[in-house]
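Comments concern the structure below.
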Amino acid sequence: MNLIIQSPRALTGVITPPGDKSISHRAALIGALADGTTTINGFLAGADCLSTLACLRALGVDITGPDAGRVTVRGRGLNSLCEPETVLDAGNSGTTMRLLLGVLAGQPFYSVLSGDASLRRRPMGRVTGPLQAMGAKIWGRCDGELAPLSVRGGNLRPLEYTLPVASAQVKSALLLAGLFTPGETVITEPYPSRDHSERMLRAAGADLQVKGTRIRIRGRQLLNPLTINVPGDISAAAFFLVAGCLHPRADITLEGVNLNPTRTGIIDTLLAMEAQLEITPGEETGGEPAGRIRVSSSSLRGLEIGGSLIPRLIDEIPVLAVAAALAEGETSIRDAAELKVKESDRITLVAGELARMGADITPRSDGFLITGRSHLRGAVVDSHGDHRLAMALAVAGLVATGTTVIRGAECMAVSYPGFTADLARLGVIVQKDEG
Ligand code: S3P
């Protein structure tokens with residue numbers, strides 16, 4: 001599908017972003033291992049989270065929904081999963097594959113996990129290596145680095161492990177595997193990454209302790225079922241935060257957004273770029289801070305980012321690059337080599353596609369150098385099947401002159417099926433064609 005975008009006269013209105021993707025995955029997985037019925041409200045019905053539900057169903061979990069955002073997971077405890085009859089398909093979802101690997105490592109049966117062409121290119125050795133050290137038998141292409149992966153789990157030993165890169169997916173996989181060991185698993189991260197798994201496991205009654213970047217979990221405990229109201233996804237809200245800053249006549253309110261400090265790097269960065277943001281903290285939702293964000297037209301300044309900020313905004317870097325292209329001065333993004341192994345090589349492709357629209361952006365091995373105040377021009381650009389690249393390009397199209405055509409825009413449904421409907425809600429005339 002091609003998405004055809006022109007800059008609207010104004011960009012105003014109120015949006016409730018969809019449920020958080022990371023939290024939706026975890027709610028389904030942890031619910032499946034709990035003893036009793038977990039109810040999830042505001043579950044993200046994007047393709048990635050639907051892949052998690054499909055895999056869990058194939059493992060014998062009784063799940064209903066999503067029905068108007070509600071999913072019911074009837075968990076029957078840690079040892080209730082059954083050997084799947086066929087290959088588990090994680091689709092485009094790295095979170096599904098990596099977190100599920102942690103669970104499958106604990107199962108005394110054989111399973112095979114695969115996904116789409118993008119996921120089959122993504123590195124899995126960072127998860128399969130430590131899981132093998134815990135005793136799981138895992139085979140895959142390139143010595144266990146690439147899917148399809150087959151797993152014969154069970155009889156896991158606890159592990160003490162320091163992650164070489166900050167990754168919430170790897171951390172979560174090892175914590176989930178830790179549930180199936182007879183002792184204490186200890187994970188240390190180089191920098192804090194999103195901590196939704198830790199929050200949810202604790203809420204379910206797991207014996208889990210966090211000290212700085214060190215997390216301990218004790219295995220073989222009963223998990224209690226939860227009722228989880230998933231807050232809005234800040235990674236989805238980010239597209240409107242940037243669009244609101246860049247458009248000259250913008251005033252957008254985003255309701256019910258997750259404000260977990262391990263995810264709010266985009267807010268801190270935009271504020272440091274002198275964005276006009278008003279944050280109103282609200283009630284905790286699903287064990288996570290949440291609130292309202294109002295954004296209005298801003299005159300942004302470039303800045304340097306890197307280090308511990310990167311894991312707090314890694315998924316927002318494609319759209320942050322759009323902000324930087326229109327900011328005054330230079331923006332330097334370092335320490336983000338992980339972008340190369342996301343749904344696409346986001347360093348090469350973000351730079352290449354934004355350059356087609358007139359951005360002054362130089363890719364680096366671990367980020368970008370972007371010189372601002374470019375005049376963006378509408379162009380024919382391509383998502384390369386990457387949902388966040390598609391939506392970042394749509395934001396660029398909202399502030400470019402002329403018409404922007406985004407090829408392969410259907411992938412937006414991976415994380416934000418309602419993106420074009422929300423654009424329309426703000427007054428954007430959205431056209432689509434079959435391409
Ligand atoms: C996620 C963690 C991050 C992020 C991804 C979702 C999660 O990946 O980029 O979109 O839900 O745990 P890494 O763990 O590879 O950093």
Side-chain angles (χ1 to χ4, degrees), residues 18-30 43-44 46-49 51-52 90-103 115 118-119 121-130 145 147 161 163-177 187 189-201 213 215 230-231 233-239 258 260 262-266 286 288 308-320 335-347 350 366 386-392 411-412 414-416:
D20 186 86
K21 181 156 82 71
S22 296
I23 298 173
S24 296
H25 283 296
R26 286 157 172 81
L29 282 161
I30 293 171
F43 185 88
L44 171 64
D48 269 14
C49 298
S51 295
T52 291
N92 189 244
S93 174
T95 311
T96 305
M97 182 166 283
R98 295 195 176 122
L99 270 58
L100 210 50
L101 277 169
V103 174
S118 148
L119 190 53
R121 284 193 291 270
R122 296 182 65 186
M124 294 297 147
R126 51 180 67 191
V127 197
T128 57
E145 183 63 70
Y161 186 70
L163 302 188
V165 286
S167 162
Q169 292 178 351
V170 177
K171 170 179 67 176
S172 302
L174 301 181
L175 292 175
L176 289 168
I187 316 288
E189 308 188 81
Y191 294 126
S193 65
R194 63 192 71 191
D195 65 353
H196 309 302
S197 301
E198 295 91 307
R199 286 172 184 257
M200 207 179 285
L201 284 165
T213 52
I215 307 142
V230 181
D233 197 329
I234 191 167
S235 299
F239 298 106
N258 181 212
N260 179 321
T262 61
R263 294 287 298 282
T264 48
I266 184 68
E288 300 267 344
S308 61
L309 180 60
I310 297 297
R312 298 180 54 234
L313 54 45
I314 186 77
D315 292 341
E316 289 65 77
I317 292 178
V319 76
L320 183 61
D335 306 320
E338 276 295 295
L339 290 174
K340 286 199 162 291
V341 290
K342 292 294 177 187
E343 287 82 332
S344 70
D345 172 352
R346 287 184 177 158
I347 293 187
V350 166
D366 66 344
D386 182 333
H387 55 127
R388 298 204 197 279
L389 179 53
M391 292 183 276
C411 61
M412 295 182 304
V414 159
S415 64
Y416 200 161

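Counting starts at 1 for both ligands and their atoms, in listed order. Worth saying up front: this structure is predicted, and the values here are computed from it rather than measured.
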Can you check which of [options] brings a heavy atom nearest to [atom]?
atom	options	result
atom 15 (O) of ligand 1	K342, R194, K171	K342
atom 2 (C) of ligand 1	R126, Q169, R98	Q169
atom 4 (C) of ligand 1	D315, V127, D48, L163	D315

Note, [X] side chain near [Y] side chain (heavy atom, < 4.5 Å):
X	Y	result
M391	V319	no
V230	L44	no
P164	R126	no

Open item on the list: Check this for me - ligand 1, V170, N or O atoms closer than 3.5 angstrom, yes or no?
Closed with: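 Checking ligand 1 against V170, no N or O pair falls under 3.5 Å apart.
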- [ ] Just jot down the ligand 1 atoms closer than 4.0 angstrom to any heavy atom of T95, in number order.
- [x]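 Heavy-atom distances to T95 below 4.0 Å select 6 (C), 7 (C), 11 (O).
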- [ ] Identify, by atom number and element, the atoms of ligand 1 in contact range of I314, meaning under 4.0 Å from any of its heavy atoms.
- [x]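 That gives atoms 9 (O) of ligand 1.
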- [ ] Take I23 and M200 through the test side-chain contact (heavy atoms from CB on, under 4.5 Å) and record every step on the way to the result.
- [x] CA-CA 9 Å; I23 298 173; M200 207 179 285; 3.7 Å; yes
What residue and heavy atom of the protein are closest to [atom], and at what distance?
atom	result
atom 12 (O) of ligand 1	R26 NH2, 2.6 Å
atom 11 (O) of ligand 1	S22 OG, 2.7 Å
atom 14 (O) of ligand 1	S167 OG, 2.7 Å

Task: Steps toward salt bridge (Lys or Arg N to Asp or Glu O under 4.0 Å) verdict (D315, R194) - done: CA-CA 11 Å; D315 292 341; R194 63 192 71 191; 3.3 Å; yes
Open item on the list: Ignoring hydrogens, what is the shortest heavy-atom contact between E316 and R263? Give both atom names and the distance.
Closed with: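 Closest pair (atom of E316, atom of R263, distance): OE1-O, 4.4 Å.
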Task: Main-chain N/O of A337 paired with D366 side-chain donor or acceptor, under 3.5 Å - done: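 Checked: no pair found.
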